[in-house]
Student: 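What follows is a structure written as structure tokens; I'll ask about it next.
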2 protein chains.
Amino acid sequence: MPRSSDTDALPDAVGCLCSDPRGRRDEDLPCDLRDEEETQRFLLRQAGRRVVAADAVISKGGVSERRCFRVMEGVARLVLIDVDGRRQVTRFAFPGDYFGLSRSERELVAEAASHAVLLEFDAGRLQRLSDCNPHLARQLATAMRSNLGQAMEHVVLLGRKTPRQRLAGFLRMLHRQLGLGDVVPVPMPRTDIADYVGLTPETVSRAFADLRQRKVVDHIDRHLLRVDLPALVMIADGGA
Amino acid sequence: MPRSSDTDALPDAVGCLCSDPRGRRDEDLPCDLRDEEETQRFLLRQAGRRVVAADAVISKGGVSERRCFRVMEGVARLVLIDVDGRRQVTRFAFPGDYFGLSRSERELVAEAASHAVLLEFDAGRLQRLSDCNPHLARQLATAMRSNLGQAMEHVVLLGRKTPRQRLAGFLRMLHRQLGLGDVVPVPMPRTDIADYVGLTPETVSRAFADLRQRKVVDHIDRHLLRVDLPALVMIADGGA
DNA sequence: CGGAAATTTGAATATTGTCAATTATTGTGG
DNA sequence: CCACAATAATTGACAATATTCAAATTTCCG
């Protein structure tokens, strides 16, 4: 279920993928689906369902990759690995999120950060579907805008923040995406967090210790926290 | 500067196929512009033209900001300033680029990184225009996708790179956007570069010295370089 | 030409990364 | 169900790297 309350007033068209310049269309693409409900059901029929274990490779990425996905359960990670072996997690995709909608994202390696259930689509086909289906187009556009907002937030997190601030920012995101009251699941391993926030696992661990000492987080167990959200937000945004 | 719309030159709205989801529509939105050419001319008439000096504030940003812009000449920067005073340049917008298309971007402060010429639009209006104008819609969609790709690249640059790699990655971007052969203009001050790549100006300066010593860049003057592009790309991607 | 601002350079400091060792956690087979 | 092995996470000591602060230089404009 998409949770973003993106009230952005921009057009659906902004989020359109590549519309087909040659005006091609599939015979069996319905252009008259009446509502979100119906669109969802149709997509379910179109998509391949995949269940993957933690750390399984979902897509190897690269220029020839044509599939995109939607997370139904669990968390997926999009990873880029340098020639010198450094790893960067560019994004975590949570339930409801699409990934691989843009070509640049399809070039990344996609893996399961935890046990996950996915829908798999052909990107071109999904795009053509959205060309003649306003409901889907709107959904994808929203996804795209949300991606952009998240990427900006990620940039800010990586740019000029201390380890404590980075971890706080990351946990705030987890809270938004997966939080239940003040309880926050942390489904991914520490190395994934480290490669997302641009630190070593050791530094992430120390940042956790720091936040715990300040009573901003409380470890129920390694993958489940209780957080003081106001304090977390304060720290993430730069206040002490 | 003239922001007038020569009303007599406006095509009428007959032929608008796609209506606004909320049923709203402007009388004077032309929905039958035949090609990019004509769309461009129409946009020029719609937009307010602004000429700004280096460091001038283009938009203060915030939730109430409703304008978006297109850079015609020069470079604009989008800036976020923390409560603790740290500055992050999230994006540079070059000639041809739009900025402020998404709500998250409209919240940022926009400034001129150098002397610049801009077109100014009402975001909502531009959106409605694109709703019934496929050419514009396509153009904005492309802009949006390009933004996302750039943001991803920015994330990678900030994540796990040395100062030398960051600067090389930044200069590669400048080359793509402004390069003429192996000559690359560097219109913005060092502090802007520093706040984009997440380093201090001093470290940026040292990284410049490093690249110069390796003969990867040659300072024609402070704002004009000659670069060895293959070497630059090699370094930016993590090699040596 | 002169003064202000931007940039570069230098030395000391602080922070994070690295490497090694220890402690938890998880999953498996008995 | 428990013990144990394998993996993941934490902690500590040290080294490497970027920041900070200060000073010198260059560039930009009037």
Side-chain angles (χ1 to χ4, degrees), chain A residues 53-56 77 82 84-89 111-115 157-168 170-171 185-213 217-225 240, chain B residues 53-55 77 82 84-89 111-115 157-168 170-171 185-213 217-225 238 240:
Chain A
D55 290 327
R77 60 174 178 244
D82 275 11
D84 57 344
R86 294 186 188 282
R87 206 177 81 126
Q88 178 69 46
V89 174
E111 298 165 327
S114 68
H115 179 276
L157 185 148
L158 290 171
R160 297 190 150 290
K161 301 277 191 189
T162 64
R164 181 199 307 138
Q165 292 174 320
R166 294 186 196 208
L167 183 58
F170 174 77
L171 294 178
V186 185
M188 67 287 293
R190 296 292 189 258
T191 51
D192 280 0
I193 300 177
D195 289 336
Y196 183 87
V197 302
L199 298 169
T200 59
E202 290 92 336
T203 304
V204 169
S205 182
R206 290 184 238 272
F208 261 120
D210 183 352
L211 291 181
R212 198 180 332 148
Q213 195 176 0
V217 309
D218 181 25
H219 275 92
I220 297 171
D221 79 52
R222 191 176 279 179
H223 292 288
L224 200 60
L225 304 178
Chain B
D55 289 327
R77 60 174 179 246
D82 274 11
D84 57 345
R86 294 187 187 283
R87 205 176 84 125
Q88 177 69 44
V89 174
E111 298 164 328
S114 67
H115 179 274
L157 185 148
L158 291 171
R160 298 189 150 290
K161 302 275 193 191
T162 64
R164 173 172 57 261
Q165 292 174 321
R166 293 185 196 208
L167 183 58
F170 174 76
L171 294 177
V186 185
M188 67 286 293
R190 296 291 189 259
T191 52
D192 279 1
I193 301 177
D195 288 336
Y196 182 86
V197 303
L199 298 169
T200 59
E202 291 93 333
T203 303
V204 169
S205 180
R206 291 183 237 273
F208 261 120
D210 183 352
L211 290 180
R212 197 179 333 146
Q213 195 177 359
V217 309
D218 181 24
H219 275 93
I220 297 171
D221 79 52
R222 193 176 276 179
H223 292 288
L224 200 61
L225 305 178

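Numbered from 1 within each chain, the chains take letters A, B, ... in sequence-line order.
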Student: How many Å lie between CG on A:D55 and P on D:dT7, as a whole number?
Tutor: 12 Å
Student: Expressed in angstrom and rounded to an integer, what is the separation of B:L224 atom CG from C:dT7 atom P?
Tutor: 15 Å
Student: Let's see if you can work this out: which of D:dA9, D:dT19, C:dT18 has an atom nearest to the side-chain heavy atoms of A:T200?
Tutor: C:dT18
Student: Atom CD in B:E111, atom CZ in B:R77: separation rounded to 0.5 Å?
Tutor: 4.5 Å
Student: Taking atom CZ of A:R206 and atom CG of A:L167, what is their separation to the nearest 0.5 Å?
Tutor: 13.5 Å
Student: Rounding to a whole Å, what distance do you find between B:R86:CZ and D:dT19:P?
Tutor: 10 Å
Student: Check whether any side-chain N or O of A:R166 sits under 3.5 Å from a backbone N or O of A:V197 as a donor-acceptor pair, and report yes or no.
Tutor: yes
Student: Rounded to the nearest 0.5 Å, how far does CZ of A:F208 lie from CG of A:L225?
Tutor: 5.5 Å
Student: Looking at OG1 of B:T200 and CG of B:D195, how far apart are the two atoms once the value is rounded to the nearest 0.5 Å?
Tutor: 10.0 Å
Student: Is a side-chain donor or acceptor of A:H223 paired with a backbone partner of A:V186 at a separation under 3.5 angstrom?
Tutor: yes
Student: Can you tell me the distance, in whole Å, between the CZ atom of B:R164 and the P atom of D:dA18?
Tutor: 9 Å
Student: Can you tell me how far the CZ atom of A:R160 sits from the CD atom of A:Q165, to the nearest 0.5 Å?
Tutor: 11.5 Å
Student: Which parts of residues 201-209 of chain B get close to DNA chain D, meaning a heavy atom less than 4.0 angstrom away?
Tutor: B:E202, B:T203, B:R206
Student: Starting at atom CD of A:Q213, determine the distance to atom C1' of D:dT11, rounded to an integer number of angstrom.
Tutor: 14 Å
Student: Calculate the interatomic distance between B:L211 atom CG and C:dT8 atom P; express it in whole Å.
Tutor: 12 Å
Student: Nearest whole angstrom, please: distance from the P of D:dT17 to the CG of B:D210.
Tutor: 12 Å
Student: Rounded to whole Å, how long is the line connecting atom CG of B:L158 with atom C1' of C:dT16?
Tutor: 17 Å
Student: Answer yes or no: is there an ion pair linking A:R87 with A:D192, defined by an N-O contact shorter than 4.0 Å?
Tutor: yes
Student: For a quick check, with a 4.0 angstrom heavy-atom cut-off, what is the B/S/- contact string for nucleotides 25-30 of chain D, read 5' to 3'?
Tutor: -BS---
Student: Under the side chain to side chain contact (heavy atoms under 4.5 Å, CB included) criterion, do A:Y196 and A:V204 qualify, and how do the steps go?
Tutor: CA-CA 11 Å; A:Y196 183 87; A:V204 169; over 6 Å; no
